[in-house]
Amino acid sequence: MRIHVLLPVFFFLALCARDVSAYTPPSALEVFRLLPVTIFENTPEGLGDEEKQTLIENGRTSLWRLISIDADELRAESYPLEGSSVTVRLFHGPDKTVAAQGAETRDACAVELWLHDAQKRLVPYPVPPDPALRDFFAAGKKPPAGFDHSIRICLAGDVLRAWPLFFNAEGAADLPLDNAVIYRWTGGDFEKAALPLEVLEKKTQRTAK
């Protein structure tokens, strides 16, 4: 009698295991085809749906060109006037892929996250919450008084990075920071880490080599 009860359970678990193992990660180009053009609204050049199709088919439009494509990353830059870029970076898990679509201009950046699952659906994925302001400063050090701030999270290579913007009645202010706040992909989600700036710079230099 117990055997008859357990068989459906084993069958269900086998189906789940098969579904997970059957997941085939997409390429950056495949995801780029599916993504909306909303990230380009953060650039002066912009990009429409028809222009995007031209960019994919011909490698360039009147304002953009594809400069690199590999399995996990696609990068486009404004052309002939430089200054804007859009990057698609894939972060893979056992049964899903999260695509970060980041835009960067001379003075701003933005990111969108999208989930690609085993059913090949592409749906919005939550951007990590803003870190506390104290995360940008050394332990025991208080943030400067008299300034308001906002934080934007952007794509930075193979991580997401938070950038604080400070301002007061006189306008924007450039304040010295101790730490860089990043979000590393763990295979299941993004995990926050606050690293001393010199540590992050050394890691970046090693990666560049």
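Each residue takes its place number in the sequence, starting with 1. Values below: every heavy atom of this structure, side chains too, minus hydrogens, waters and symmetry copies.
Within the 4.5 Å cutoff, no side-chain heavy atoms of Leu74 are placed close to those of Thr87. Using a 4.5 Å heavy-atom cutoff, the side chains of Thr43 and Trp64 are in contact. Annotation: side chain of Pro144 is in contact with side chain of Phe137 (closest heavy-atom distance under 4.5 Å). Side-chain contact between Pro128 and Leu113 is present, with at least one heavy-atom pair separated by less than 4.5 Å. Asp135 has its side chain out of reach of Asn179: every pair of non-hydrogen atoms, C-beta onward, lies at least 4.5 Å apart. In this structure, Trp163 and Cys154 have side chains that are in contact, with non-hydrogen atoms separated by less than 4.5 Å. Put simply, the side chain of Asp49 does not reach to within 4.5 Å of the side chain of Gln53, judged on heavy atoms.
Both Val111 and Val123 are assigned to one and the same hydrophobic cluster, defined by single-linkage of ILVMFWY side chains at heavy-atom distances under 4.5 Å. One hydrophobic cluster, built from ILVMFWY side chains closer than 4.5 Å, holds both Val181 and Ile151. Linking ILVMFWY side-chain heavy atoms closer than 4.5 Å, directly or via other members, places Val127 and Leu35 in two distinct hydrophobic clusters. Linking Ile, Leu, Val, Met, Phe, Trp and Tyr whenever their side-chain heavy atoms come within less than 4.5 Å puts Leu133 and Leu177 in one cluster. Linking ILVMFWY side-chain heavy atoms closer than 4.5 Å, directly or via other members, places Tyr79 and Val37 in two distinct hydrophobic clusters.
Between Trp185 and Phe190, the gap from one ring centroid to the other is short of 6.0 Å.
Between atom NZ of residue Lys192 and atom CG of residue Asp130 there is a gap of 10.5 Å, rounded to the nearest 0.5 Å. For the atom pair Leu195 CG and Arg184 CZ, the distance stands at 5.0 Å (nearest 0.5 Å). Interatomic distance, Leu34 CG to Lys120 NZ, rounded to the nearest 0.5 Å: 10.0 Å. Note that CG of Leu155 and SG of Cys109 are 9.5 Å apart. Values are rounded to the nearest 0.5 Å. Rounding to the nearest 0.5 Å places CG of Leu165 at 12.0 Å from CG of Asp148. Gln101 contributes atom CD, which lies 5.5 Å from atom CD1 of Ile39 (distance to the nearest 0.5 angstrom).
With hydrogens and angles ignored, the 3.5 Å screen pairs a side-chain donor or acceptor of Lys96 with a backbone N or O of Gly188. Here the side chain of Asn168 pairs a donor or acceptor atom with the backbone of Glu170 at under 3.5 angstrom.
Minimum heavy-atom separation, Phe166 to His149: CD2-CB, 3.9 Å. Across Gly83 and Ser78, no two heavy atoms sit closer than the pair N-OG, 3.4 Å. The shortest heavy-atom contact between Ala28 and Asp70 is CB-O, 3.7 Å. Smallest separation of non-hydrogen atoms from Glu45 and Leu81: OE2-O, 4.4 Å. In terms of heavy atoms, Pro44 sits closest to Ser84 at CD-OG, 3.5 Å. The nearest pair of heavy atoms linking Arg152 to Ala108 is NH1-CA, 3.6 Å.
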*Under the side chain to side chain contact (heavy atoms under 4.5 Å, CB included) criterion, do Ile56 and Leu29 qualify, and how do the steps go?*
CA-CA 8 Å; Ile56 292 172; Leu29 180 58; 4.2 Å; yes
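Around the CG atom of Asp174, the shell of radius 6.0 Å holds no more than 12 heavy atoms that belong to other residues, nucleotides or ligands.
Here Glu73 pairs with Arg89 in a salt bridge; the nearest charged N to carboxylate O distance falls below 4.0 Å.
A donor and an acceptor atom, one from each side chain of His116 and Tyr23, are located under 3.5 Å apart. Looking only at atom types and distance, the side chain of Tyr183 has no donor-acceptor partner in the side chain of Asp189 under 3.5 Å away.
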